[in-house]
There are 2 protein chains.
Amino acid sequence: MLGNPTRDRLAERREASRREIVNAAWSIAREDGLAAVTLREVAARVGMRAPSLYTHFESRNAIFDAMFAQAWRDLIEHMEAGIREASTMSLRDFLKWNSRTFFEFCVSDPPRAQLMNQRTIPGFEPTPEAYAPSLAAWQRFREELVPYGVTRTEDIDLYTALLGGLIDAQLANDPGGDRWEKLLDRAVDMYVDGLDLP
Amino acid sequence: MLGNPTRDRLAERREASRREIVNAAWSIAREDGLAAVTLREVAARVGMRAPSLYTHFESRNAIFDAMFAQAWRDLIEHMEAGIREASTMSLRDFLKWNSRTFFEFCVSDPPRAQLMNQRTIPGFEPTPEAYAPSLAAWQRFREELVPYGVTRTEDIDLYTALLGGLIDAQLANDPGGDRWEKLLDRAVDMYVDGLDLP
DNA sequence: CGCATAATCCTAACTGTGTTAGGAAATCCT
DNA sequence: AGGATTTCCTAACACAGTTAGGATTATGCG
């Protein structure tokens with residue numbers, strides 16, 4: 001069997017359409033917020049009519065699902081692109097890098113951050129499949145902390161809550177500004193100083 | 001002038017209707033979430049039809065506005081009901097009480113907490129009037145910290161972000177549980193230890 | 001008490017949004 | 001080329017927020 005070039009062509013075409021639709025949704029979200037991502041608007045952007053989107057996605061939420069998964073995959077990529085050898089950094093420096101990198105990823109695209117971390121879309125709940133990259137990111141982060149002796153779930157819970165709180169506050173109260181960004185290093189110092197490590 | 005008892009009667013009747021509508025909205029929210037607060041459902045609960053609600057509220061968002069203001073007023077009351085003489089408590093103890101009280105207020109009614117602190121309703125933005133109790137609560141908290149020498153905005157910002165992050169995480173990931181509740185005292189200790197006080 | 005006015009409620013209709021169903025057009029495969 | 005599959009369209013539906021016009025009820029005044 002030489003394979004099915006035509007089948008690949010079909011799959012690629014299908015994937016291209018889905019990507020085009022998701023990209024249109026991101027564009028709308030960035031312009032007018034997640035709520036403005038209506039099927040009619042998305043369809044118009046890709047030169048279709050709303051019901052035609054159902055050929056490619058099961059529902060409006062399915063589009064958000066794809067966006068959710070993509071956002072988390074982008075974050076993973078983003079973190080890996082800037083990764084440095086964890087073993088050559090102190091825990092403090094690592095967390096300062098990690099917190100700043102994640103913070104900037106979020107504030108650079110508020111609708112994306114909202115989709116990833118907040119519940120701004122009524123009725124939308126990521127499917128287990130879309131949630132996988134999110135879990136992967138969390139798992140990855142957890143593994144990166146092991147060499148530092150940070151292994152307890154509550155330690156990680158506290159860190160993520162702290163960082164999440166700073167990001168949410170920044171996005172909600174000072175969009176485009178740096179009021180909570182300025183607190184990042186201090187927050188990390190506070191956190192690391194409070195760790196009970198062996 | 002002896003006043004206008006009939007005018008008061010009218011105002012009271014009007015206020016009673018508004019209260020009944022807002023209460024119906026809270027009931028729906030607690031049962032099925034904020035998104036389920038539709039005008040048709042609210043109206044049905046108070047024995048009306050949806051368009052009739054416009055006699056009492058300018059819009060659906062106006063109902064949310066009233067709910068928002070009420071939630072924050074309730075919080076103020078709640079905090080005052082449990083208030084103890086701040087001057088007789090250490091900062092640490094005060095913040096442990098404050099964080100726990102606020103945390104419990106939030107987790108005891110998730111839709112209320114979401115309305116107060118998150119953006120789960122597309123298009124809803126509290127009016128300055130409704131926002132006033134929220135500002136008052138923040139101002140009040142700020143004043144309570146002064147005797148402890150905590151006066152810098154960034155100190156308060158860090159605390160509220162930390163507490164907000166814990167609450168959001170609890171509500172989103174462990175509703176009804178105590179995974180992040182367990183971290184409260186530790187978080188406060190971490191915070192207080194990291195304060196740079198004179 | 002009766003009448004006028006204001007308040008309160010209803011119905012019909014409109015616009016917008018997500019979705020379904022049936023069918024036409026385009027593309028792919030043999 | 002013909003058949004099957006994919007992709008798109010239109011019409012229609014249900015639901016939600018809202019407006020407009022009118023009916024009903026409550027209030028105020030002489």
Side-chain angles (χ1 to χ4, degrees), chain A residues 1-22 24-25 28-29 31-67 120-125 127, chain B residues 1-22 24-25 28-29 31-67 120-125 127:
Chain A
M1 287 292 181
L2 297 183
N4 288 323
T6 322
R7 274 221 181 270
D8 286 345
R9 177 180 168 78
L10 194 60
E12 285 167 17
R13 184 152 164 273
R14 183 172 180 71
E15 178 55 35
S17 293
R18 286 175 64 96
R19 203 181 309 119
E20 192 182 357
I21 290 166
V22 170
I28 299 164
E31 288 170 30
D32 300 305
L34 287 165
V37 179
T38 65
L39 295 187
R40 284 168 172 81
E41 183 61 38
V42 172
R45 299 253 178 147
V46 300
M48 285 191 211
R49 291 315 189 103
S52 306
L53 296 177
Y54 288 88
T55 312
H56 305 277
F57 289 92
E58 191 176 299
S59 64
R60 180 184 186 241
N61 277 348
I63 298 178
F64 284 128
D65 215 48
M67 292 165 77
T120 49
I121 305 165
F124 173 63
E125 191 86 22
T127 58
Chain B
M1 286 294 182
L2 297 182
N4 289 322
T6 322
R7 272 219 183 274
D8 285 345
R9 178 180 169 75
L10 192 59
E12 284 167 18
R13 185 152 164 272
R14 181 170 181 72
E15 179 53 36
S17 294
R18 286 175 64 97
R19 202 181 311 120
E20 193 183 357
I21 291 165
V22 170
I28 299 164
E31 288 169 30
D32 299 306
L34 286 164
V37 179
T38 66
L39 294 186
R40 285 168 170 79
E41 183 62 37
V42 172
R45 300 259 178 140
V46 299
M48 285 190 211
R49 291 314 190 102
S52 306
L53 297 176
Y54 288 87
T55 312
H56 305 276
F57 289 92
E58 192 176 299
S59 64
R60 181 182 185 244
N61 278 347
I63 298 179
F64 285 128
D65 216 47
M67 292 166 76
T120 49
I121 305 165
F124 172 62
E125 190 86 20
T127 58

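Sequence lines set the chain letters: A, B, ... in the order given, protein chains first and strands last, and positions in each chain run from 1.
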| message | Judged by each residue's nearest nucleotide on DNA chain D, which is more toward the 5′ side, A/Arg13 or B/Arg13? | response | A/Arg13

Expected list for residues 32-41 of chain A: side-chain donor-acceptor pairs under 3.5 angstrom, two or more places apart:
residue	atom	partner	partner atom	Å
A/Thr38	OG1	A/Glu41	N	3.1
A/Glu41	OE2	A/Arg45	NE	3.0

| said: For nucleotides 16-22 of chain D, give me one character per nucleotide, 5' to 3': B if any protein heavy atom sits under 4.0 Å from the base, S if the only such contacts are to the sugar-phosphate, - if neither. | reply: BBBBB--

Take atom [atom1] of [X] and atom [atom2] of [N], then tell me their distance rounded to the nearest Å.
| X | N | atom1 | atom2 | answer |
| --- | --- | --- | --- | --- |
| B/Arg14 | D/dT25 | CZ | C1' | 15 Å |
| B/His56 | C/dA7 | NE2 | P | 12 Å |
| A/Ile121 | C/dG18 | CD1 | C1' | 14 Å |
| A/Glu15 | D/dT6 | CD | C1' | 16 Å |
| B/Arg18 | C/dT8 | CZ | C1' | 14 Å |
| B/Leu10 | C/dA6 | CG | C1' | 9 Å |
| B/Met48 | C/dA7 | CE | C1' | 12 Å |
| A/Arg49 | D/dA11 | CZ | P | 9 Å |

| Can you list the residues that meet the salt bridge (charged side-chain N to carboxylate O under 4.0 Å, His left out) rule with A/Glu20, with sequence neighbours excluded? | none

| message | With rounding to the nearest 0.5 angstrom, report the CD to CD distance, A/Glu15 to A/Glu12. | response | 9.5 Å

| field | With sequence neighbours excluded, residues passing ring pair (Phe, Tyr, Trp, His ring centres under 6.0 Å) with B/Phe57 | value | none

| field | Short side-chain N/O contact to D/dT6 OP1/OP2 from A/Thr55, under 4.0 Å | value | no

| Below 4.0 Å: OP1/OP2 of C/dC10 and any side-chain N or O of B/Ser52 | yes

| request: Determine the contact category for A/Gly47: base if any of its heavy atoms lies under 4.0 Å from a base atom, sugar-phosphate if only primed atoms, P, OP1 or OP2 are that close, otherwise nothing. | output: sugar-phosphate

| request: Determine which pairs satisfy side chain to side chain donor-acceptor pair (under 3.5 Å) with at least one residue from residues 50-66 of chain A, sequence neighbours left out, and list them in order. | output: A/Asp65-A/Thr127

